[in-house]
Amino acid sequence: MQLLDLIETYHAQDASTERLYAREGRRVRGGRNTAQYKESLLEAANLYEGVLNGRTPFWRLQEAMTTSDFSYLFGDIIDRQMLASYQHMPVLWQSIARRGVVRDFRSVDRFTLDGGEAVLSEVKQASEYPAAAVVDGRYQYAVKKYGKRLPFTWESFVNDDLGALRDLPTRLANAARFSEERFATDLYAGTTGPDSTFFASGNANIVTSNPTLSVAGLTTALNVLAAQVDTDGNPIYVNAVWLVVPPALEITANNIINATEILAADGGGDGTGTNQLRVTNWMRNRVRVLVNPWLPIISTTNGNTSWYLFADPGVGRPAMEIGFLSGHESPELFMKMPNATRVGGGLVDPMDGDFDTDAVDHKVRHVFGGTLMDPKSAVASNGTGTP
């Protein structure tokens, strides 16, 4: 996306946010949606994009940075670039977890209801209707603040280091997205494979014998997931599932799911017997592959062999929830103001850096948290068994 198009997109989002806040009785901080600010921001973006593309000499940017107005505009441009990079990065966890929003840093409760859906009982004449049993579940988590500083030296700016300017938003966006992905993966994966508390025999969500990933192993996993029932003994309907694998199993997973046909033995099982059936690969329409590169990093043992099945979180019984602080759902970028004053007075250009080292510091802040929820919506194998 071109920088000027990006600015226009965020103007529209700012206007939408302003309307939403007005309905809620809140005000948008900073007055960034005024016509004058939009015009100034577009002019600054045009200059910045021209420098990055080589159409405008770099000294023009250096000269503009000596004005206090442009330095604030420049910070806003970097902030919007970071958000654009963050939003355009692929998101893995949203396929297997529910997204939530919390009001503050205190622990938040997530309640689930199970039951009340048992098959209706016959009611005899003049008899009382039987009461349905409802069981409530409670899950708790609290969001936390994460962040990091990224120093940018005054010398780099003087030396026309466009690479540093160009990479800054992307690097900060990567840091925010990587933090989310690692956090989410760390919820359901441990150092030796699937989390032993969540994926446990008591939850009946371990694939029998921990098979390696294969057609037979995936069949067993789907059967284990399908065997889950609610508190009333009713089956849990799952229409779509995600097969989560490490990069080492990407080819195996895609070969299985994208195969056009499956050879099956007469009556079931692998197609190795005398009587074989050639069937259309029905799993292509039900199972989708999600490759998570964080699995072998977190699971230092069995990380390259473990694999997981998650029910689509839209089924109503999500296995996880990842939550964000209201009003701060995206990473936020800050720039440290200079703590120096010129002899004779006057404002100091933020790109001149601080008093001690001439460092120009940016920091990114991101607030999120999450928890595992319903173990009946996921099954896993550490892949150490036989196919």
Side-chain angles (χ1 to χ4, degrees), residues 86-100 102 110 139-148 173-200 203 205-207 210 212-213 218 221 225 240-254 287-315 317-324 329-331 364 366-384:
Y86 168 80
Q87 292 174 354
H88 282 82
M89 282 188 65
V91 186
L92 304 180
W93 64 262
Q94 285 188 352
S95 298
I96 58 177
R98 182 173 67 186
R99 184 184 181 94
V102 302
R110 290 292 184 255
Y139 306 92
Q140 279 189 326
Y141 71 92
V143 296
K144 296 180 180 180
K145 180 178 64 177
Y146 301 89
K148 188 166 289 187
N174 287 345
R177 187 66 81 193
F178 289 164
S179 300
E180 292 176 17
E181 296 295 352
R182 179 172 185 127
F183 176 85
T185 305
D186 204 22
L187 287 178
Y188 65 87
T191 56
T192 59
D195 181 80
S196 58
T197 302
F198 188 71
F199 296 103
N203 292 330
N205 60 356
I206 300 176
V207 183
N210 282 305
T212 59
L213 181 59
L218 191 53
L225 187 62
V241 296
W242 286 91
L243 172 59
V244 182
V245 298
L249 295 179
E250 179 179 5
I251 294 176
T252 302
N254 280 300
V287 181
R288 288 169 286 182
V289 176
L290 182 66
V291 181
N292 187 345
W294 291 100
L295 287 173
I297 296 175
I298 292 174
S299 300
T300 53
T301 303
N302 303 324
N304 286 318
T305 59
S306 299
W307 51 280
Y308 307 77
L309 277 184
F310 284 90
D312 191 291
V315 75
R317 307 176 67 107
M320 300 187 299
E321 177 173 310
I322 305 298
F324 298 86
E329 291 93 337
S330 298
V364 61
H366 201 20
V367 184
F368 59 89
T371 183
L372 293 168
M373 295 183 70
D374 197 337
K376 296 181 178 181
S377 293
V379 299
S381 169
N382 63 22
T384 59

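Since this is a predicted model, take the numbers as computed values, not measurements.
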Within the 4.5 Å heavy-atom criterion, are [X] and [Y] side-chain neighbours or not?
X: Glu250; Y: Val289; result: no
X: Ser179; Y: Tyr146; result: no
X: Met373; Y: Tyr141; result: no
X: Tyr188; Y: Ile298; result: no
X: Thr185; Y: Leu92; result: no
X: Leu309; Y: Leu218; result: yes

Between [X] (side chain only) and [Y] (backbone N and O only), is there a donor and an acceptor less than 3.5 Å apart?
X: Trp294; Y: Glu181; value: no
X: Ser299; Y: Thr191; value: no
X: Asp186; Y: Arg182; value: no

Problem set entry | Pair listing, side chain to side chain donor-acceptor pair (under 3.5 Å) test, anchored in residues 302-313, at least two apart | Arg288-Asp312
Problem set entry | All pairs passing side chain to side chain donor-acceptor pair (under 3.5 Å) where residues 372-384 contributes a residue, at least two apart | Arg317-Asp374, Asn382-Thr384
Please report the shortest heavy-atom distance between [X] and [Y], naming the atom on each side.
X: Ile297; Y: Thr300; answer: O-CG2, 3.9 Å
X: Ala221; Y: Val379; answer: O-CG2, 3.8 Å
X: Trp93; Y: Glu180; answer: NE1-OE1, 3.0 Å
X: Asn205; Y: Pro375; answer: ND2-O, 3.1 Å
X: Phe310; Y: Ala319; answer: CD2-CB, 3.8 Å
X: Ala253; Y: Leu243; answer: CB-CD2, 3.8 Å

When rounded to the nearest 0.5 angstrom, what is the spacing between [atom1] in [X] and [atom2] in [Y]?
X: Glu321; Y: Arg99; atom1: CD; atom2: CZ; value: 10.5 Å
X: Arg110; Y: Gln140; atom1: CZ; atom2: CD; value: 11.0 Å
X: Lys148; Y: His366; atom1: NZ; atom2: NE2; value: 13.5 Å
X: Trp242; Y: Asn292; atom1: CH2; atom2: CG; value: 12.0 Å

